[in-house]
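Have a look at the structure below, then the notes.
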Amino acid sequence: MVHIGKKLKELRISENLTQQQIAEILSISRVNYTRYETNASRPDYETLIAIADFYKISLDEIFNREI
């Protein structure tokens, strides 16, 4: 199972954003976003794409995948 919470936190901190700010950007609740960072739940595909688009990275990078 892939845990992406650590990567999401690293990305958010690298942009000096709070969980509230990124949640608002993604149009989700802060509680839901916190669950993603703590691996308590997984973002859906639409949210993953929105995250990748916001940070201008690929989904592979979110999942720490190298090919």
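Residues take their numbers from the sequence shown, with the count starting at 1. The analysis underlying the following values was restricted to heavy atoms, covering all of them including side chains, and did not include hydrogens, waters or symmetry mates. For clarity, every value in this text was computed on a predicted model and none was experimentally measured.
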Rounded distance [0.5 Å steps], CD1 in I13 versus CD in Q19: 8.5 Å
Heavy atoms, side chains only, cut-off 4.5 Å: are P43 and N32 in contact? no
So L11 and I22, side-chain contact (heavy atoms from CB on, under 4.5 Å) or not? Walk me through it. CA-CA 10 Å; L11 288 166; I22 191 68; over 6 Å; no
Rounded distance (nearest 0.5 Å) linking atom NZ of K9 with atom CG of N39: 11.0 Å
For A52 against L59, the heavy-atom pair lying closest together: CB-CD2, 3.9 Å
Interatomic distance, Q21 atom CD to T18 atom OG1 [nearest 0.5 angstrom]: 3.5 Å
Taken to the nearest 0.5 Å, the spacing of F54 CZ from K56 NZ works out to 7.5 Å
In this structure, NZ of K7 is separated from OH of Y55 (nearest 0.5 Å) by 10.5 Å
Cationic N near anionic O, under 4.0 Å, K6 to E37: no
Rounding to 0.5 Å, atoms CG (L8) and OH (Y36) come to a distance of 9.5 Å
